[in-house]
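Reviewing the structure listed below.
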Amino acid sequence: MADINAIATQFTQYYYQTFDNDRSQLGPLYRQESMMTWEGQQVQGVQGIVEKLTVNLISVDIVFFCGVVHTITTIDAQPSSLQAANLLVNVMGFLKVDDGEHPLQFTQVFQLIQDQGSYYVFNDIFRLNLDDACQLPSSAVTAQVTRELSLFLPTLSSTMAGLGTEIVGIVNKLQDVFSAVGSSATSIDLPQICVIGSQSSGKSSVLENIVGRDFLPRGTGIVTRRPLVLQLINRPAPAVNGASPQPNGTGDIHANPNEWGEFLHLPGEKFYDFNKIRAEIIRDTEAKTGKNAGISPVPINLRIYSPNVLTLTLVDLPGVTRVPVGDQPRDIERQIRDMLSKFISKPSCIILAVTAANTDLANSDGLKLAREVDPEGTRTIGVLTKVDLMDVGTDVVDILAGRVIPLRLGYVPVVNRGQRDIDQARSIKDALEHERAFFENHPSYKGKSAYCGTPFLARKLNMILMHHIRATLPDIKTRISQQLAKFNAELQTLGGPMGENSSSIVLSVITEFCSEFRTMIDGNTNDLAVNELSGGARISFVFHELFNNGVKSIDPFDQVKDGDIRTILYNSSGSTPALFVGTTAFEVIVKQQIKRLEDPSLKCCQLVYDELIRILSQLLGKVQVFRRFPQLKDRFNSVVVSFFKNAMNPTNKLVSDLVAMQSCYINTTHPDFLSGHKAMSIVQERLNANKPPPQHADPKAGKLAPGAINNNKDLDVEFRKEEPSFFQSFFAAGKPTKKKGGPTMDSAGSSRPSTPTMSVMDQPPPVIRPQSALNERETMETEVIKLLIRSYFNIVKLEMIDMVPKAISLTLVNFSKENLQRELLQELYKPDVLDELLKESEFVINRRKEVLSMIQALNKAEEIVAGV
Ligand SMILES: Nc1nc2c(ncn2[C@@H]2O[C@H](COP(=O)(O)OP(=O)(O)OP(=O)(O)O)[C@@H](O)[C@H]2O)c(=O)[nH]1
């Protein structure tokens with residue numbers, strides 16, 4: 001009977017936790033009713049049922065607990081015979097279904113629970129049959145159930161024990177596999193329980209009590225300075241005459257052959273002496289953090305095998321501290337908080353927030369931190385330590401009932417060893433016994449003592465972890481295969497597991513590079529950037545924006561002033577007053593201006609060259625093989641750069657020639673060119689209307705005004721007709737005239753605007769300057785010349801805007817597209833250099849090793865989860 005009671009309690013707790021953790025899995029009817037009952041007072045709700053059932057039907061309470069969900073509220077309020085009957089019917093239904101093969105039935109039910117992770121399956125089996133139930137005397141049912149339960153006991157026991165071990169074991173195995181490669185490298189977070197809380201809140205004590213052994217470092221200040229990943233593995237003790245190795249030479253009086261620890265960093269070494277475990281934790285902590293109480297996020301992995309633990313993985317983390325002591329870093333608090341946040345912010349982490357019950361819950365560091373990352377409190381369990389140190393008359397019942405800071409996973413109160421117990425070397429076994437007695441005898445807790453204390457906490461954690469793992473495993477599976485695919489792809493880019501190395505690599509990289517190069521120029525690439533221009537589009541920008549606007553913005557008259565034009569007009573007449581002096585002046589000025597186009601044109605070549613270099617460096621970064629072979633990359637770079645450089649010579653020459661062509665022959669018969677006659681009449685009209693000439697011609701059209709195009713190519717004829725006395729204004733044959741606005745001669749060569757009288761055959765002065773102001777006719781002549789210059793220059797500008805990009809494309813861009821591959825083959829695909837070029841970089845050799853071990857680990861992980 002005692003055994004049945006024990007197992008029944010275990011069973012109750014199992015369902016209590018299942019129910020509490022997994023409400024979403026209940027059917028709609030049950031969910032609604034259970035909410036009414038459980039919300040806000042989970043502990044009391046459950047107690048209520050269990051207690052009342054215990055009164056009505058001795059020692060079979062557990063079975064009813066399963067069937068009772070829909071009657072919970074009323075039972076809680078006022079038990080009635082009808083409700084009692086309902087409960088009986090549930091048991092009856094169960095038994096009826098069993099029909100003489102009860103143990104088997106139990107096993108099947110359990111199987112269902114295990115498979116589905118919830119217990120509403122019970123209702124599919126229980127059939128309500130009120131009439132039948134009411135005819136049976138309750139003592140008969142009780143007796144039958146009791147008998148069946150005792151038959152079922154062994155099965156139930158082993159099922160319960162195996163339940164957590166198997167699934168948590170899977171995660172432990174995964175943890176080991178990933179620890180070997182550095183768990184962050186695989187970016188797969190495994191479910192684990194992290195212990196957080198203020199310094200001295202009792203975290204280490206809780207962990208030791210769960211393990212049942214002393215093994216953690218103790219002292220003042222921050223003792224836990226690195227995360228301790230503690231894997232507890234339930235390993236049933238072998239039969240008494242089993243062949244377990246005897247621990248020899250340990251100084252640990254509690255040493256026992258069935259309990260030992262192993263560190264991941266010391267493979268194969270078994271620690272039966274738990275004092276040595278403590279020493280090793282201290283040694284390895286100092287090795288990584290130094291003795292100055294600094295902290296490190298690099299975990300220590302410790303695994304403890306024991307028949308007395310439930311399979312469970314816990315991570316002990318440094319306690320939250322406020323004030324740095326000794327030579328601790330000044331920002332120690334921030335460092336610790338950062339480290340804790342990193343661990344507990346992962347959704348896969350269950351947070352065990354430890355708070356001393358004799359402090360204010362609202363100020364609990366652990367709960368505060370947990371709230372930041374788990375505001376709903378869905379993955380935080382509260383542990384209340386030092387319940388024994390609370391003032392007489394106070395208790396934690398309100399907290400447990402969720403009336404202070406509610407947590408979905410609830411709180412568990414515990415009593416650990418006090419400092420004096422530790423000093424007096426009180427064993428944990430004793431301490432656990434003391435804890436049990438404390439809760440069973442305490443007036444506030446004795447009715448609920450089954451839900452208090454370390455053993456309950458351990459079971460609850462095991463259950464929660466198991467459910468959590470079940471819930472996350474599908475996701476873990478997916479991530480394992482995703483990561484596997486990712487690393488396999490990377491391995492290929494690293495040349496496969498053996499680092500394949502043949503001359504064909506050079507051939508294929510040349511082909512790949514050149515085809516990517518062409519693609520980038522032509523803009524057919526698949527990975528077109530969305531936020532910036534790239535490749536060919538940038539070259540197009542150089543042509544059509546930079547060069548185009550640069551050329552168009554050149555204004556011939558920002559350098560040539562009206563007075564200069566007049567001087568050129570006079571000068572270009574030479575010693576013999578020529579008939580076509582206007583034409584000559586026009587040509588002189590136009591040619592000067594055309595030369596100005598050479599600079600932007602050559603600049604354009606340079607800019608396109610820069611773009612090609614830019615594409616080159618993009619490709620060197622993009623083509624994977626270059627990461628493997630740095631020398632190949634360097635050589636590639638230099639071959640391509642010098643190829644582009646060489647192509648620049650003919651390109652610059654061609655572009656300079658284009659400018660030279662334009663300036664060596666001025667084609668005044670160009671169809672778009674304004675005729676002299678037309679220019680003259682435009683200027684005449686303007687002068688008559690006393691209008692200032694327009695500041696700018698229309699550069700796009702290359703003409704001055706609509707209708708300016710004139711097929712009558714009579715520039716010189718017009719000048720002849722219009723300028724009979726052109727020379728008179730300056731050198732009127734032997735008759736120097738003093739004319740307003742005309743040039744003055746001055747023996748001193750000064751430029752003062754005087755009008756000295758010249759004697760007939762005086763020596764000409766060394767410098768002869770025109771007067772500053774233009775006379776009317778000079779103004780007109782200058783305006784005409786300006787119009788013509790502007791018209792012609794615009795034509796040349798447009799032609800250059802058109803031709804320079806064509807030239808650059810021909811000899812640089814297209815030339816590269818067509819000939820780069822040949823050049824690369826010639827320069828790189830030579831037997832004498834291939835070996836040198838195909839030497840792998842250190843990075844690649846190391847990375848391949850890393851990726852290979854990652855793939856191995858992931859393959860292993862895939863195997864581990866495959867059967868789940
Ligand atoms: N009386 C009593 N003392 C406790 C209890 N829990 C812990 N202590 C004492 O509180 C002190 C601190 O406990 P630890 O377990 O070392 O606390 P911790 O949170 O691990 O401390 P750090 O690792 O330094 O952050 C020790 O002296 C324990 O004996 C408890 O439930 N009751």
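Counting convention: from 1, in listed order, for ligands and their atoms alike. Excluded from the calculations below are hydrogen atoms, water molecules and symmetry mates; all remaining heavy atoms, backbone and side chain alike, are included. Every value quoted in this text rests on a predicted model; they were computed, and no experiment measured them.
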Q. Under 4.0 Å from any heavy atom of T224, which atoms of ligand 1 are there?
A. 23 (O)
Q) Going by atom types alone, do S341 and E372 pair a side-chain donor with an acceptor below 3.5 Å? A) no
Q. Of all the atoms in ligand 1, which lie at a distance below 4.0 Å from a heavy atom belonging to S204?
A. 15 (O), 18 (P), 20 (O), 23 (O)
(Q) Is there a polar contact between ligand 1 and V387, counting only N or O atoms under 3.5 Å apart? (A) no
Q. Out of I300, D284, N301, which one pairs with F263 under the side-chain contact (heavy atoms from CB on, under 4.5 Å) rule?
A. I300
(Q) Quick check for you: to the nearest 0.5 Å, what is the distance between L389 atom CG and N358 atom CG? (A) 5.5 Å
(Q) Under 4.0 Å from a heavy atom of Q199: which atoms of ligand 1 are those, numbered in the order shown and with their elements? (A) 24 (O), 25 (O)
Q: Compare K386, K203, R225, Q419 and give the one whose heavy atom is closest to atom 10 (O) of ligand 1.
A: K386
Please list, one pair per line, the donor and acceptor atoms closer than 3.5 Å that link side chains of residues 375-383 to other protein atoms, with sequence neighbours excluded.
| residue | atom | partner | partner atom | Å |
| --- | --- | --- | --- | --- |
| T378 | OG1 | D374 | OD1 | 3.2 |
| R379 | NH1 | I344 | O | 2.9 |
| R379 | NH1 | K346 | O | 3.3 |
| R379 | NH1 | C349 | O | 2.7 |
| R379 | NH2 | I344 | O | 3.0 |
| R379 | NH2 | V373 | O | 3.3 |
| T380 | OG1 | D374 | OD2 | 2.6 |

**Q.** Where ligand 1 meets I422 - atom numbers and elements under 4.0 angstrom, heavy-atom basis
**A.** 29 (O)
Q: Below 4.0 angstrom from a heavy atom of L389, which ligand 1 atoms are there? Numbered from 1 as shown, please.
A: 1 (N), 2 (C)
**Q.** G197 heavy atom under 4.0 Å from ligand 1
**A.** no
Q: Could you tell me whether a side-chain N or O of N209 sits under 3.5 Å from a main-chain N or O of V206, the two making a donor and an acceptor?
A: no
Q: With sequence neighbours excluded, tell me which residues meet ring-ring contact (aromatic ring centres under 6.0 Å, His included) with Y305.
A: W260
Q. Ligand 1 versus N416, non-hydrogen atoms closer than 4.0 Å: side chain, backbone, both, neither?
A. both
Q. Between the side chain of E208 and the main-chain N/O of L216, is any donor-acceptor distance below 3.5 Å?
A. yes
Q.
Contact between I304 and E259 at the side-chain level, heavy atoms closer than 4.5 Å - yes or no?
A. no
Q) Atoms of ligand 1 less than 4.0 Å from S198 heavy atoms? A) 19 (O)
Q: Indicate yes or no: does an N/O atom of R417 lie under 3.5 Å from an N/O atom of ligand 1?
A: yes
Q: Might you confirm whether atom NZ of K860 has over 12 heavy atoms from other residues, nucleotides or ligands at distances under 6.0 Å?
A: no
Q: Would you kindly specify which portion of D388 sits under 4.0 Å from ligand 1, judged on non-hydrogen atoms: side chain, backbone, both or neither?
A: side chain
Q. Quick one: does P318 get within less than 4.0 Å of ligand 1, heavy atoms only?
A. no
Q) Which of the atoms of ligand 1 are close to V415, meaning less than 4.0 Å from one of its heavy atoms? A) 31 (O)
